[in-house]
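Structure first, then comments.
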Amino acid sequence: PKVIERNLRTELPFLASEHLMMAAVQAGGDRQEVHEALRVHAQEAARVVKMEGGDNPLREALRGDPAFAAVAPVLDSLLDPARYVGRAPQQ
């Protein structure tokens with residue numbers, strides 16, 4: 001369970017990036033600006049995770065970026081793992 005939790009914490013922000021971008025655009029963000037901000041932060045986060053072995057900083061980077069300001073208050077709920085498992089609990 002701890003390994004699964006660690007992997008989920010590391011990978012979920014990358015896996016949810018499309019949903020994060022869509023939420024920021026629906027909240028009034030410019031699609032191209034939001035996409036570029038996400039791309040830059042995701043690349044840096046990937047570098048930290050893969051090259052330094054650090055924790056994924058993507059969540060906090062997005063929380064502090066003006067392009068994601070409108071969704072910052074709901075960022076944790078957008079990254080809730082339960083949003084991405086489909087019907088697995090019922091099955």
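One is the number of the first residue; the rest follow in order along the sequence. Side chains included, hydrogens not; waters and symmetry mates left out as well; all remaining heavy atoms used.
Within the structure, ring pair (Phe, Tyr, Trp, His ring centres under 6.0 Å) pairs that include any residue of residues 42-64 do not occur (at least two apart or interchain). Pairs engaging residues 47-72 under the ring pair (Phe, Tyr, Trp, His ring centres under 6.0 Å) rule: none recorded [sequence neighbours left out].
In this structure, the salt bridge (Lys or Arg N to Asp or Glu O under 4.0 Å) partners of Glu60, at least two apart in sequence or on a different chain, are Arg63. Residues passing the salt bridge (Lys or Arg N to Asp or Glu O under 4.0 Å) test with Arg9 are Glu5, sequence neighbours excluded. Scored by the side-chain contact (heavy atoms from CB on, under 4.5 Å) test, Asp55 finds no partners at all (sequence neighbours excluded).
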Indicate every side-chain donor-acceptor pair of residues 41-51 with a distance under 3.5 Å to a residue at least two apart or in another chain.
residue : atom : partner : partner atom : Å
His41   : NE2  : Asp65   : OD2          : 2.6
Gln43   : OE1  : Arg39   : NH1          : 3.1
Glu44   : OE1  : Arg47   : NE           : 3.1
Glu44   : OE2  : Arg47   : NE           : 3.4
Glu44   : OE2  : Arg47   : NH2          : 2.7
Arg47   : NH1  : Glu52   : OE2          : 2.7
Arg47   : NH2  : Glu52   : OE2          : 3.2

Contacts table for residues 78-91: side-chain donor-acceptor under 3.5 angstrom, sequence neighbours left out:
residue : atom : partner : partner atom : Å
Asp80   : OD1  : Ala82   : N            : 3.1
Tyr84   : OH   : Leu78   : O            : 2.6

Kindly list each side-chain donor-acceptor pair under 3.5 angstrom involving residues 12-27, sequence neighbours excluded, with atom names and distances?
residue : atom : partner : partner atom : Å
Ser17   : OG   : Phe14   : O            : 3.0

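Residues Asp30 and His35 have side chains not in contact (no heavy-atom distance under 4.5 Å, counting atoms from C-beta outward).
Remark: Leu58 CG to Glu11 CD distance equals 11.0 Å, nearest 0.5 Å.
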